[in-house]
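Scope of the values below: all heavy atoms of this structure, side chains included, with no hydrogens, waters or symmetry mates. The shown structure was predicted, so the numbers you read here are calculated from the model rather than taken from an experiment.
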Amino acid sequence: ARSVSDDGDTTRFLWRLHDGATVETVLMLYPDRATVCISTQAGCAMACGFCATGQAGFERQLSVGEILEQVIQAARAAGDRRVSNIVFMGMGEPLANYDATWAAAERLQADVGISARHLTISTVGVIPGIRRLATESLPINLAVSLHAANDQLRDQLVPINRRYPLADLADACRDYLAAKNRRLSFEWAMIDNTNDRDSDCEELATYARRLRAHVNLIPLNPTPGWPTVGSSKARVKAFAAGLTELGVNVTIRANRGTDIDAACGQLRATTVTLSSKSSAKLAD
């Protein structure tokens, strides 16, 4: 199955794999290029409550071929717009499927021709994976889904923080920067009256400045079953302004595809029954 946004610039694919598992891929079109957001697992075991994928639980790892095929199929759909950026930021935790994720990254660089500086692996903070990435040959970009900059709140929003707390995560990120000299990004889903307060802004700024990290603020798409809602546009802008005043580089990510269930896992969650007629197949 695929859903296309009203403006035609965002397409979400829902793939049915050979064993019936389903995963999502997002193609984002820009005037002269395209970005593909790919999944590395069917489901996810990280259990972040505001994430539709996390609510659905973990099914299985994807193979290298299943990860790569998402890019190939999306590139075909992109037509004459070159796929210039790949983000491992779809369903699943890439560093919990490390071997397949890294093999796919190597193939994308060597065989598809996407340079390492246009590859980004996102993680909720799996420290052993970050440290292993620092030893690899390709200097890819690292994005950490942070969402809170104090351990008490992050324990609630991102449960793996209880195993890998913020101080240890900062050490791993610092070592990665030293080894690769690539940009570190923090992803921050804006949740109303949860992590969008002035105190959250100050904590994030302190944490990000020490690591020279760029912050991406993500307006939160509504997710069934999560009791809170995304921050208002005005609050997102004010939060961004506060970070800028505190010396942090910040971007408000364009909230693309809300009309097509474009938050990760939403299309899968809202598509109750898949048939061979209504869903695309992805090769194993």
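Of the candidates Asn141, Asn85, Ile140, Thr120 forms a side-chain contact (heavy atoms from CB on, under 4.5 Å) with just one, namely Asn141. No option in Asp200, Asn193, Thr194 other than Asp200 meets the side chain to side chain donor-acceptor pair (under 3.5 Å) test with Arg197.
The two atoms that bring Leu29 and Gly8 nearest to each other are CD1-O, 3.8 Å, heavy atoms only. When all heavy atoms are compared, the tightest approach of Arg253 to Pro219 is O-CD, 3.4 Å. Heavy-atom minimum distance, Ser39 versus Ile67: O-CG1, 3.8 Å. Counting all heavy atoms, side chain and backbone alike, Ala170 lies closest to Tyr207 at N-OH, 3.2 Å. For the residue pair Ala78 and Leu27, the shortest heavy atom distance occurs at N-CD2, 3.9 Å.
Taken from CZ in Phe88 to OG1 in Thr40, the straight-line distance is 8.0 Å, to the nearest 0.5 Å. From Gln156, atom CD reaches atom CG of Asn195 across 11.0 Å, with rounding to the nearest 0.5 Å. Separation of atoms OG1 (Thr25) and CG (Leu14) is listed at 9.0 Å; rounding is to 0.5 Å. Once rounded to the nearest 0.5 Å, the distance linking SG of Cys201 with CH2 of Trp188 reads 9.0 Å. Atom CZ of Arg131 is separated from atom OG1 of Thr135 by 11.5 Å, given to the nearest 0.5 angstrom. Interatomic distance, Ile130 CD1 to Asp168 CG, rounded to the nearest 0.5 Å: 11.0 Å.
With a 6.0 Å radius and a threshold of 12 heavy atoms from other residues, nucleotides or ligands, Asn181 has its CG atom at or below the threshold. Residue Arg212 places its CZ atom among 12 or fewer non-hydrogen atoms of other residues, nucleotides or ligands, all under 6.0 Å distant. Remark: Arg117 CZ is loosely packed, at most 12 non-hydrogen atoms of other residues, nucleotides or ligands lying under 6.0 Å away. Under a cut-off of 6.0 angstrom, the local environment of CZ in Arg107 is sparse, with at most 12 non-hydrogen atoms contributed by other residues, nucleotides or ligands.
Here the side chains of Asp19 and Arg60 are in contact, with some heavy-atom distance below 4.5 Å. Looking at His147 and Ser145, their side chains come closer than 4.5 Å, going by heavy atoms from C-beta outward. Within the 4.5 Å cutoff, side-chain heavy atoms of Met28 are placed close to those of Cys37. Side chains of Ile121 and Leu95 form a contact here, defined as non-hydrogen atoms less than 4.5 Å apart. By the 4.5 Å heavy-atom criterion applied to side chains, Ile114 and Ser84 are not counted as neighbours. Between Val236 and Asp196, every side-chain heavy-atom pair lies at or beyond the 4.5 Å cut-off. Taking 4.5 Å as the limit, every side-chain heavy atom of Phe186 sits out of range of all side-chain heavy atoms of His214. For the pair Ile38/Val71, a side-chain contact is recorded, criterion being any heavy-atom separation below 4.5 Å from C-beta on.
With hydrogens and angles ignored, the 3.5 Å screen pairs no side-chain donor or acceptor of Gln41 with any backbone N or O of Val23. Proximity of a side-chain donor or acceptor of Thr22 to a complementary backbone N or O of Trp15 within less than 3.5 Å is not detected. For Asn97 (side chain) and Leu62 (main-chain N/O), a donor-acceptor pair under 3.5 Å exists by modelled atom type. The backbone N or O of Ser232 sits nowhere less than 3.5 Å from a side-chain atom of Asp192 that would complete a donor-acceptor pair. Between the side chain of Thr101 and the main chain of Pro94, a donor-acceptor pair closer than 3.5 Å is present.
Checked for salt-bridge contact, Asp198 and Arg235 meet the test: a charged N lies under 4.0 Å from a carboxylate O. One finds no salt bridge joining Arg81 and Asp32 here, because no Lys/Arg side-chain nitrogen approaches an Asp/Glu carboxylate oxygen to under 4.0 Å. In summary, Glu136 and Lys180 do not engage in a salt bridge, as defined by a charged side-chain N under 4.0 Å from a carboxylate O.
Hydrophobic clustering keeps Leu204 apart from Leu246 (ILVMFWY residues linked when any side-chain heavy atoms are closer than 4.5 Å, directly or through intermediates). Cluster membership for Leu157 and Val215, using ILVMFWY side-chain heavy atoms within less than 4.5 angstrom, is shared. Under a hydrophobic clustering in which Ile, Leu, Val, Met, Phe, Trp and Tyr are joined whenever their side-chain heavy atoms come within less than 4.5 Å, directly or via other members, Ile218 and Leu146 fall into different clusters. Residues Phe13 and Ile72 do not share a hydrophobic cluster, clusters being chains of Ile/Leu/Val/Met/Phe/Trp/Tyr side chains in contact below 4.5 Å.
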Practice problem: Evaluate the criterion side chain to side chain donor-acceptor pair (under 3.5 Å) for residue pair Thr123 and Glu93; output intermediate values, then yes/no. | Solution: CA-CA 6 Å; Thr123 177; Glu93 164 56 50; 2.9 Å; yes

Exercise. Could you check Val144 against Leu169 for side-chain contact (heavy atoms from CB on, under 4.5 Å), going step by step and ending with a plain yes or no?
Key: CA-CA 9 Å; Val144 176; Leu169 178 59; 3.9 Å; yes

Quiz item: Would Leu177 and Arg182 satisfy side-chain contact (heavy atoms from CB on, under 4.5 Å), going step by step from the backbone distance to the final call?
Solution: CA-CA 6 Å; Leu177 290 172; Arg182 300 301 300 159; 5.7 Å; no

Quiz item: Please walk me through it: do Asn150 and Glu203 pass side chain to side chain donor-acceptor pair (under 3.5 Å)?
Solution: CA-CA 7 Å; Asn150 73 73; Glu203 289 170 349; 3.0 Å; yes

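For the residue pair Gln73/Glu69, the side-chain donor-acceptor check at 3.5 Å is satisfied.
Considering only residues two or more places apart in sequence or on other chains, Asn161 meets the side-chain hydrogen bond (donor to acceptor under 3.5 Å, both in side chains) condition with Asp151, Arg154, Asp155.
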